[in-house]
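Within every chain, numbering begins at 1; the chains are lettered A, B, ... in the order of the sequence lines, protein sequences first and strands thereafter. Basis for what follows: all heavy atoms, side chains included, without hydrogens, waters or symmetry-related copies.
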Amino acid sequence: SQQGEEDPQALSIQEGENATMNCSYKTSINNLQWYRQNSGRGLVHLILIRSNEREKHSGRLRVTLDTSKKSSSLLITASRAADTASYFCATALSSNTGKLIFGQGTTLQVKP
Amino acid sequence: DSGVTQTPKHLITATGQRVTLRCSPRSGDLSVYWYQQSLDQGLQFLIQYYNGEERAKGNILERFSAQQFPDLHSELNLSSLELGDSALYFCASSVATGGGGTEAFFGQGTRLTVV
(Lines give C-alpha, C1' and ligand atoms only; values in the text may rest on other atoms or scores of the structure.)
Protein backbone atom coordinates (compact mmCIF):
# COMPACT_ATOMS: atom_id res chain seq x y z
CA SER A 1 0.00 0.00 0.00
CA GLN A 2 1.08 3.59 -0.48
CA GLN A 3 2.93 5.22 2.37
CA GLY A 4 1.79 8.68 1.49
CA GLU A 5 -1.57 10.16 0.82
CA GLU A 6 -1.82 13.54 -0.81
CA ASP A 7 -4.50 16.11 -0.56
CA PRO A 8 -6.07 17.49 -2.63
CA GLN A 9 -5.92 15.08 -5.56
CA ALA A 10 -6.42 18.00 -7.93
CA LEU A 11 -6.04 21.74 -7.56
CA SER A 12 -6.87 24.52 -10.00
CA ILE A 13 -5.78 28.09 -9.33
CA GLN A 14 -5.11 31.35 -11.15
CA GLU A 15 -1.62 32.54 -11.96
CA GLY A 16 -0.22 34.56 -9.09
CA GLU A 17 -2.10 32.65 -6.40
CA ASN A 18 -0.46 30.35 -3.89
CA ALA A 19 -0.87 26.58 -4.08
CA THR A 20 -0.73 24.33 -1.04
CA MET A 21 -0.49 20.57 -1.19
CA ASN A 22 -0.52 18.24 1.77
CA CYS A 23 0.99 14.84 2.31
CA SER A 24 0.39 12.39 5.13
CA TYR A 25 2.37 9.24 5.77
CA LYS A 26 2.11 6.25 8.04
CA THR A 27 5.48 5.24 9.45
CA SER A 28 8.60 6.92 10.77
CA ILE A 29 10.80 8.42 8.11
CA ASN A 30 14.40 9.40 7.52
CA ASN A 31 13.45 12.19 5.15
CA LEU A 32 10.62 13.39 2.92
CA GLN A 33 11.03 14.66 -0.60
CA TRP A 34 8.83 16.46 -3.09
CA TYR A 35 8.98 15.81 -6.81
CA ARG A 36 7.30 17.34 -9.82
CA GLN A 37 6.22 15.48 -12.92
CA ASN A 38 5.14 17.12 -16.14
CA SER A 39 2.62 15.08 -18.09
CA GLY A 40 4.09 11.58 -18.45
CA ARG A 41 7.69 12.75 -18.22
CA GLY A 42 10.38 12.05 -15.68
CA LEU A 43 10.21 13.25 -12.10
CA VAL A 44 12.18 16.29 -11.06
CA HIS A 45 13.40 16.63 -7.50
CA LEU A 46 12.20 19.82 -5.82
CA ILE A 47 13.21 19.71 -2.18
CA LEU A 48 14.26 17.33 0.59
CA ILE A 49 13.48 17.80 4.27
CA ARG A 50 15.01 15.60 6.93
CA SER A 51 13.08 14.19 9.86
CA ASN A 52 14.80 16.59 12.28
CA GLU A 53 13.88 19.65 10.22
CA ARG A 54 10.61 21.51 10.45
CA GLU A 55 10.69 23.90 7.53
CA LYS A 56 12.70 24.42 4.39
CA HIS A 57 12.65 26.98 1.59
CA SER A 58 13.82 26.87 -1.98
CA GLY A 59 12.94 29.81 -4.19
CA ARG A 60 9.13 29.98 -4.36
CA LEU A 61 8.79 26.66 -2.55
CA ARG A 62 8.23 26.22 1.16
CA VAL A 63 8.01 22.78 2.73
CA THR A 64 6.99 22.00 6.28
CA LEU A 65 7.25 18.73 8.12
CA ASP A 66 5.37 17.73 11.27
CA THR A 67 6.63 14.34 12.38
CA SER A 68 4.20 14.20 15.31
CA LYS A 69 1.31 14.38 12.85
CA LYS A 70 3.18 12.48 10.16
CA SER A 71 2.40 15.15 7.62
CA SER A 72 4.07 17.58 5.27
CA SER A 73 2.94 20.45 3.13
CA LEU A 74 4.31 22.05 0.00
CA LEU A 75 3.54 25.68 -0.68
CA ILE A 76 4.20 27.22 -4.06
CA THR A 77 3.95 30.98 -3.89
CA ALA A 78 3.08 33.32 -6.77
CA SER A 79 2.29 30.39 -9.05
CA ARG A 80 2.96 30.49 -12.78
CA ALA A 81 1.39 28.63 -15.68
CA ALA A 82 4.67 26.70 -15.96
CA ASP A 83 4.02 25.24 -12.49
CA THR A 84 1.21 23.14 -13.99
CA ALA A 85 2.24 19.56 -13.24
CA SER A 86 1.70 16.67 -10.83
CA TYR A 87 3.42 16.94 -7.48
CA PHE A 88 4.42 13.91 -5.44
CA CYS A 89 5.66 13.52 -1.93
CA ALA A 90 8.02 10.64 -1.33
CA THR A 91 9.27 9.25 1.93
CA ALA A 92 12.58 7.57 2.64
CA LEU A 93 12.13 5.20 5.54
CA SER A 94 15.73 4.24 6.15
CA SER A 95 19.14 5.83 5.99
CA ASN A 96 20.54 2.61 4.53
CA THR A 97 18.68 2.84 1.25
CA GLY A 98 17.44 5.63 -0.93
CA LYS A 99 14.28 3.69 -1.69
CA LEU A 100 11.36 6.11 -1.92
CA ILE A 101 7.69 5.46 -1.24
CA PHE A 102 5.53 7.82 -3.28
CA GLY A 103 2.12 9.24 -2.63
CA GLN A 104 -0.57 9.33 -5.28
CA GLY A 105 0.21 12.91 -6.17
CA THR A 106 -1.60 16.20 -6.55
CA THR A 107 -2.37 17.48 -10.02
CA LEU A 108 -1.96 21.24 -10.12
CA GLN A 109 -3.35 23.39 -12.89
CA VAL A 110 -2.35 27.03 -12.97
CA LYS A 111 -4.52 29.08 -15.31
CA PRO A 112 -2.93 32.08 -17.03
CA ASP B 1 18.23 16.99 -18.39
CA SER B 2 18.74 14.82 -15.29
CA GLY B 3 21.74 12.99 -16.70
CA VAL B 4 19.97 9.64 -16.41
CA THR B 5 19.42 7.96 -19.77
CA GLN B 6 16.79 5.33 -20.41
CA THR B 7 16.29 3.33 -23.57
CA PRO B 8 14.08 2.69 -25.35
CA LYS B 9 11.59 5.53 -24.82
CA HIS B 10 8.68 3.48 -26.10
CA LEU B 11 8.17 -0.25 -26.41
CA ILE B 12 5.19 -2.15 -27.75
CA THR B 13 5.18 -5.90 -27.40
CA ALA B 14 2.82 -8.83 -27.20
CA THR B 15 1.71 -10.79 -24.17
CA GLY B 16 4.07 -13.58 -23.21
CA GLN B 17 7.13 -11.80 -24.58
CA ARG B 18 10.28 -10.67 -22.80
CA VAL B 19 11.81 -7.20 -22.93
CA THR B 20 14.88 -5.49 -21.52
CA LEU B 21 14.91 -1.89 -20.38
CA ARG B 22 18.23 -0.14 -20.05
CA CYS B 23 19.38 2.65 -17.79
CA SER B 24 22.60 4.66 -17.64
CA PRO B 25 22.89 6.56 -14.36
CA ARG B 26 24.38 10.01 -13.88
CA SER B 27 28.14 10.05 -13.98
CA GLY B 28 29.44 9.17 -10.53
CA ASP B 29 26.16 7.83 -9.14
CA LEU B 30 26.51 4.38 -7.62
CA SER B 31 22.85 3.71 -6.83
CA VAL B 32 20.26 2.81 -9.44
CA TYR B 33 16.56 2.44 -8.70
CA TRP B 34 13.70 1.13 -10.79
CA TYR B 35 10.12 2.33 -10.39
CA GLN B 36 6.90 1.43 -12.14
CA GLN B 37 4.17 4.01 -12.70
CA SER B 38 0.69 2.92 -13.66
CA LEU B 39 -2.72 4.56 -13.38
CA ASP B 40 -4.06 2.10 -10.82
CA GLN B 41 -0.93 1.51 -8.71
CA GLY B 42 0.75 4.88 -8.91
CA LEU B 43 4.53 5.02 -8.53
CA GLN B 44 5.86 1.78 -7.09
CA PHE B 45 9.44 1.05 -6.07
CA LEU B 46 10.73 -2.11 -7.69
CA ILE B 47 14.38 -2.58 -6.83
CA GLN B 48 17.64 -0.78 -5.98
CA TYR B 49 21.23 -1.64 -6.82
CA TYR B 50 24.26 -0.07 -5.25
CA ASN B 51 27.63 -0.53 -6.91
CA GLY B 52 26.58 -3.78 -8.53
CA GLU B 53 24.80 -5.33 -5.59
CA GLU B 54 21.12 -5.50 -4.78
CA ARG B 55 20.38 -3.09 -1.90
CA ALA B 56 16.60 -3.01 -1.55
CA LYS B 57 13.66 -4.80 -3.05
CA GLY B 58 10.10 -3.65 -3.39
CA ASN B 59 7.01 -5.02 -5.06
CA ILE B 60 8.88 -6.61 -7.91
CA LEU B 61 7.22 -9.58 -9.55
CA GLU B 62 9.14 -12.85 -9.91
CA ARG B 63 8.79 -12.43 -13.68
CA PHE B 64 10.90 -9.29 -13.39
CA SER B 65 14.61 -9.17 -12.70
CA ALA B 66 17.32 -6.56 -12.76
CA GLN B 67 21.05 -6.23 -12.56
CA GLN B 68 23.71 -3.57 -12.40
CA PHE B 69 26.86 -4.03 -14.42
CA PRO B 70 30.46 -3.08 -13.56
CA ASP B 71 30.12 0.12 -15.61
CA LEU B 72 27.11 0.90 -13.34
CA HIS B 73 24.47 0.79 -16.06
CA SER B 74 21.44 -1.28 -15.17
CA GLU B 75 18.94 -3.42 -17.00
CA LEU B 76 15.42 -4.40 -16.01
CA ASN B 77 14.19 -7.60 -17.59
CA LEU B 78 10.46 -8.22 -17.84
CA SER B 79 9.33 -11.65 -18.97
CA SER B 80 6.06 -13.48 -19.65
CA LEU B 81 4.51 -10.10 -20.11
CA GLU B 82 0.86 -9.53 -19.28
CA LEU B 83 -1.47 -6.72 -20.24
CA GLY B 84 -1.26 -5.40 -16.69
CA ASP B 85 2.47 -4.83 -17.06
CA SER B 86 1.78 -1.90 -19.35
CA ALA B 87 3.18 1.11 -17.53
CA LEU B 88 5.87 3.74 -17.41
CA TYR B 89 9.12 2.34 -16.04
CA PHE B 90 11.49 4.83 -14.51
CA CYS B 91 15.10 4.51 -13.61
CA ALA B 92 16.63 6.86 -11.08
CA SER B 93 20.11 7.25 -9.71
CA SER B 94 21.71 8.83 -6.68
CA VAL B 95 25.20 9.35 -5.38
CA ALA B 96 25.05 7.01 -2.43
CA THR B 97 22.81 4.40 -0.92
CA GLY B 98 20.63 7.05 0.62
CA GLY B 99 22.28 7.49 3.98
CA GLY B 100 21.46 10.89 5.42
CA GLY B 101 19.01 11.64 2.68
CA THR B 102 19.88 11.80 -0.97
CA GLU B 103 17.85 13.16 -3.83
CA ALA B 104 17.21 10.88 -6.77
CA PHE B 105 17.56 11.89 -10.40
CA PHE B 106 15.01 10.32 -12.70
CA GLY B 107 15.25 9.38 -16.34
CA GLN B 108 12.47 10.16 -18.81
CA GLY B 109 11.10 6.65 -18.54
CA THR B 110 10.27 3.80 -20.88
CA ARG B 111 6.62 3.53 -21.80
CA LEU B 112 5.81 -0.15 -22.15
CA THR B 113 2.63 -1.19 -23.89
CA VAL B 114 1.70 -4.87 -23.85
CA VAL B 115 -0.90 -5.82 -26.45
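- Highest contact tally toward chain A, considering only B:G109, B:A104, B:G107, is held by B:A104 [criterion: heavy-atom pairs under 4.5 Å].
- When side chains are defined from C-beta on, A:Q37 counts as touching B:Q37, because their heavy atoms get closer than 4.5 Å.
- Other residues, nucleotides and ligands contribute over 12 non-hydrogen atoms within 6.0 Å of the CG atom of B:L83.
- B:G42 and A:Q104 get closest at one heavy-atom pair: CA-OE1, 3.9 Å.
- Put simply, OG on B:S94 and NE2 on A:H45 are 10.5 Å apart, with the number rounded to the nearest 0.5 Å.
- Remark: A:Q14 CD is packed, more than 12 non-hydrogen atoms of other residues, nucleotides or ligands lying under 6.0 Å away.
- A distance of 6.0 Å or more separates the ring centres of A:F102 and B:F45.
- The 12-atom threshold is exceeded at CD of B:E54, counting heavy atoms of other residues, nucleotides or ligands nearer than 6.0 Å.
- The distance from the CD atom of B:Q44 to the CD1 atom of A:I101 is 8.0 Å, given to the nearest 0.5 Å.
- Remark: B:R63 CZ is packed, more than 12 non-hydrogen atoms of other residues, nucleotides or ligands lying under 6.0 Å away.
- Grouping the Ile, Leu, Val, Met, Phe, Trp and Tyr side chains by contacts below 4.5 angstrom, directly or via other members, places B:F90 apart from B:L21.
- Residue A:L43 forms a side-chain contact (heavy atoms from CB on, under 4.5 Å) with just one option from B:Y35, B:F105, B:F106, and that option is B:F106.
- By the criterion of side-chain heavy atoms lying less than 4.5 angstrom apart, applied directly or through intervening Ile, Leu, Val, Met, Phe, Trp or Tyr residues, A:V44 is not grouped with B:V32; the two fall into different hydrophobic clusters.
- If you take CD on B:Q108 and CZ on A:R41, they are separated by 4.5 Å, rounding to the nearest 0.5 Å.
- For a residue to count as touching a neighbouring chain, one of its non-hydrogen atoms must lie under 4.5 Å from one of that chain's; by this rule B:K57 touches chain A with the backbone only.
- Summarising the local packing, CG of B:L61 is surrounded by more than 12 heavy atoms from other residues, nucleotides or ligands at distances under 6.0 Å.
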